[in-house]
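Read the structure below first, then the notes.
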Amino acid sequence: MKKQLKRMGFSYDWDREVSTCEPEYYRWEQLFFLWMYEKGLAYKKGSVVNWCPQCKTVLANEQVEGGACWRCGTEVDQEHLEQWFFRITAYVEELLEYCDRLPGWPERVLTMQRNWIGKSYGCEVDFPMADDTGKTIRVFTTRQDTIFGATFMLVAAEHPLVLELSKGKPFEKEVREFVEKVGRQDRLLRTSDAYEKEGAFLGAYCLNPVTGWKMPVYAANFVLAEYGTGCVMAVPTHDQRDFEFAKKYDLPLIVVIDNPKAPLDAATMTEAYVDEGILVNSGPFDGLENLKALDTIADHLESLGRGRRTIQYRLRDWGISRQRYWGAPIPVVYCGKCGTVTVPESDLPVLLPMDVELTGEGGSPLAKNGAFMDTECPCCGGPARRETDTMDTFVESSWYFDRFCCAGFDRKPGLDKEKVNYWMPVDQYIGGIEHAILHLLYSRFYTKMLRDFGVLSFDEPFRNLLTQGMVCKETMKCRKHGFLYPDQVREGKCTQCDTPVLIGKTEKMSKSLKNVVDPDHLIREYGADTARLFCLFASPPEKDLEWSDQGVEGAFRFIGRVWRMVMDYADPTREVPAGGDLAGLPEEWKALKRKIHQTIRKVTEDIDQRFHFNTAISAVMELVNAVYQAPRPSGEDLTALGILREAIETTVILLNPFVPHVTEELWQILGRTVPLSDTAWPSFDPEAARDEEITIVIQVNGKLRSRIQAAADESEESIRERALRDESARRFTEGKTVRKVITVPGKLVNIVVS
RNA sequence: GCCUGGGUGGCGGAACUGGUAGACGCAAGGGACUUAAAAUCCCUCGGUCCUCGCGGCUGUGAGGGUUCGAUCCCCUCCCCAGGCACCA
């Protein structure tokens, strides 16, 4: 890996290399854990967690993609386990707020983070039970404007209230069966479109706090126990889920928001009305617009003492326990006497044992390692057991960038504040879009936390973010032999059985699809420079890159073209100083001089401001084409040779960041002794780059009709006059009245006629 | 369903702030060089019509709108990619 990176010519500073799996790194992570534990930012709790049966480990919510494990794709189960969590929710407000203060981040990443955090404003409302026990059911709602239409109550099947309320009632058995059934249903089924809303009546009633009506209480399969309070007031007229539920169990519907365009009738509604409207059947609030009623009704509930405004977030705490080997051991021991005890700072690091058996079967290898597990309690000295869970490896990647600033720093807290605060935040961070929420959210959290511990003095880790695309290639498949590597195909046929190969979809390069390119082979065949040039030229970095063998060939040809150009002129221009004065140059050489400086400007801007290497490279290609187009001067024409020398040297310098190896060699061939990598980037001469003559477009009624040449300093008035006299344009203005003439300096004249 | 990006020649992609659409490359076609091939160098290359011009019309997913002028701004719709999805 390292060798390959070096062969490609990437200029990494290997002195800053960091290995997150070494104790020199993860010991600090364990220290941070102790600090977090002390502050309540790390805690253990029993909860329903995502469990990957393949990896035999727990996964954070963010690490479940469409119900499957982000690593192996296996469907994730729900298990009840004791797990360690990081209290990322302590920073939820700041994480959300700073989404508006990261102008250098792509909007879609920020949107994804905002959605993931999922802030919503609403009310908690207490619904008293209809029996006289004085108990209440508390719900969270964002739609308190519909409270007059709440006709029944829904409770998550897993909620303890379900069994409590139904206990001893004639419905108890049915409720129990229902709860068990929901518990058995897996995640995939629950989220599928066909999943039907179901419930069971608990034999209990509560009262609507504003209308006083009796509302039957149901357990429902579609109510989430973990969100809000796990209980929902159901308003079937204005919520589609509640509507479906009401229809199924024949529950009453009351319209409380009327559609101003077409009045609603509860008896004939076929779906819930979820748009804006005017309140009806809502007592004192009738006639209000529902959006305005949100506030008014919230006030009303608060004055009644039945509810209060609250904010809910979708974001949950970050479950970091993993039953894997890799990852820092959690520095905690369990003592029969003292309970959960943290490992004292002086005993850190808790080392990952080297003598574990990695069976590949999943499950924690540490839990099978007695020497690791059995220890002494740091408090009482008695026998104790170590925590065998390790931390999610995303913890490691949440601060490695800080460590880069002071790699090897071996004093507490593992970060040299001065250096870190000098280098950080990262000016330009580059990563795949797949980390939009995982790594990028965790790193933001960790940064804020370390800031509050006094280690860092900045709020956000990455000032600018570029999400680069992935390298894709078409897949090839043989009917008999499945997916094929590129070298298993010759002339469209499988090399094993000679049957024609099926060309499949273009997909992200992966070993499983065999649509990969071997970098060693590529470097052997074409060299690292060709590989680099192709990748940079094919598309801008934020887009996916479609691999094309012909494109690689094209990149190789261009390098050859540059090489021949240099070889051609290296000798004749060897003794000629590059450049030369602009004044007095014949027009054709002036044009090349201009092209040189325009190219420097364009390439500098494209690299600097936009990371658009593809257009930077095409600009250099244009310069090379211009040199090929130039007439070959005689050996005495020192002016011309000087300009050519300048063009050639400029080409070599400008290409250096893209193709460093070949340009360094060409630089030497040109007789330069100072290495190109130590040579300053050229600056352009604005005077030379300026166009002396510009093409002015003449439009009639917005249609392109003619072009004229104008001197750069020609007055707007004069250009306008010439445009009006222009022969080609007059063919279209002849016999018509000129209504208006619009001139855009340096660009065009538009003559409006009727 | 909701949110975010996108949709430009045969293909990858340009067009910076509303001002010449298609830069540059690939593919294709033609020519030069060569005994020949490869390599190289040069030319043509969105569609269409004709009187083949330094021409006309048309053209950036579709349809409207704003504007002197729209790939760019606004509205409606279609399609593709990604994200979220019973979040009350």
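Chain letters run A, B, ... following the sequence lines, proteins first, then strands; residues in each count from 1.
- No more than 12 heavy-atom neighbours from other residues, nucleotides or ligands sit within 6.0 angstrom of CZ on A/R739.
- Atom name C1', nucleotides B/rG46 and B/rC80: the rounded distance is 23 Å, in whole Å.
- Here, B/rA36 and B/rC26 have their P atoms 26 Å apart, quoted to the whole Å.
- As a whole-Å value, the separation of A/L623 CG from B/rA23 P is 18 Å.
- OP1 or OP2 of B/rG69 has not a single side-chain nitrogen or oxygen of A/K747 nearer than 4.0 Å.
- Between B/rA70 and B/rG63, the distance separating the two P atoms is 15 Å to the nearest Å.
- The gap from the P atom of B/rG59 to that of B/rA27 amounts to 32 Å, rounded to the nearest Å.
- Between A/K740 and A/R143, the one whose closest nucleotide on RNA chain B sits nearer the 5' end is A/K740.
- In a base pair of the Watson-Crick type (N1 to N3 plus N6-O4 or O6-N4) or a G-U wobble (N1-O2 and O6-N3), with each distance short of 3.5 Å, B/rA62 is matched with B/rU76.
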* Using a 4.0 Å cut-off on protein heavy atoms (strictly under), produce a 5'-to-3' string for nucleotides 2-9 of chain B with B for base contact, S for backbone-only sugar-phosphate contact, and - for none. => -SS-----

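- Note: CG (A/L704) to C1' (B/rC57) measures 14 Å, nearest angstrom.
- For the P atoms, the distance from B/rC3 to B/rG10 is 34 Å, rounded to whole Å.
- B/rG1: Watson-Crick or G-U partner is B/rC84, with both key distances under 3.5 Å.
- With A/F732 as the aromatic partner, A/R705 meets the cation-pi criteria of under 6.0 angstrom to the ring centre and within 45 degrees of the ring axis.
- OP1 or OP2 of B/rA85 sits under 4.0 Å from a side-chain N or O of A/R314.
- In this structure the side chain of A/I607 reaches within 4.5 angstrom of the side chain of A/V603, judged on heavy atoms.
- Atom-to-atom, CG of A/L294 to P of B/rA88 comes out at 13 Å; the value is rounded to the nearest Å.
- Contact between the side-chain N/O atoms of A/N614 and the OP1/OP2 oxygens of B/rA14 is found at a separation under 4.0 Å.
- OP1 and OP2 of B/rG55 both lie 4.0 Å or more from every side-chain N or O belonging to A/R705.
- Checked by atom type, the side-chain pair A/D317/A/T89 shows a donor-acceptor distance below 3.5 Å.
- Remark: the separation of the P atoms in B/rG69 and B/rG64 is 16 Å, to the nearest Å.
- For the P atom pair drawn from B/rC87 and B/rA14, the interatomic distance equals 39 Å after rounding to whole Å.
- The distance between atom CG of A/L545 and atom P of B/rC11, rounded to the nearest whole Å, is 18 Å.
- Base orientation of B/rG25: anti, since the glycosidic angle falls outside 90° of 0.
- Taking 4.5 Å as the limit, every side-chain heavy atom of A/Y249 sits out of range of all side-chain heavy atoms of A/F152.
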* Indicate for each nucleotide in nucleotides 39-50 of chain B, in 5' to 3' sequence, whether protein heavy atoms under 4.0 Å reach the base (B), only the sugar-phosphate (S), or nothing (-). => -SSSS-------

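- When the P atom of B/rC54 is taken as reference, atom CZ of A/R731 falls 12 Å away, rounded to whole Å.
- In the set B/rC84, B/rA21, B/rA88, the nucleotide with an atom closest to the side chain of A/V223 is B/rA88.
- Positionally, the nearest nucleotide of RNA chain B for A/V744 lies more toward the 5' end than for the other of A/V744 and A/S728.
- Aromatic ring pairs are classed by plane angle as parallel below 30°, tilted from 30° to 60° and perpendicular above 60°; the pair A/H435 and A/F394 is perpendicular.
- Between the CD atom of A/E124 and the C1' atom of B/rA88 there is a distance of 13 Å, given to the nearest Å.
- Using C1' as the reference atom, B/rC79 and B/rG61 are 7 Å apart when rounded to the nearest Å.
- Taking the charged nitrogens against the carboxylate oxygens, A/K247 and A/E271 have no contact shorter than 4.0 Å, which rules out a salt bridge.
- Side-chain atoms of A/N625 and A/R561 include a donor-acceptor pair closer than 3.5 Å.
- Computed from coordinates, the A/Q550 CD to B/rG10 C1' distance equals 12 Å when rounded to whole Å.
- Between A/F537 atom CZ and B/rA23 atom P the separation is 12 Å, expressed in whole Å.
- Distance from the side chain of A/S618 is smallest for B/rC24 among the nucleotides B/rA88, B/rG13, B/rC24.
- Side-chain proximity of A/R610 to the nucleotides B/rA15, B/rA88, B/rG12 is greatest for B/rA15.
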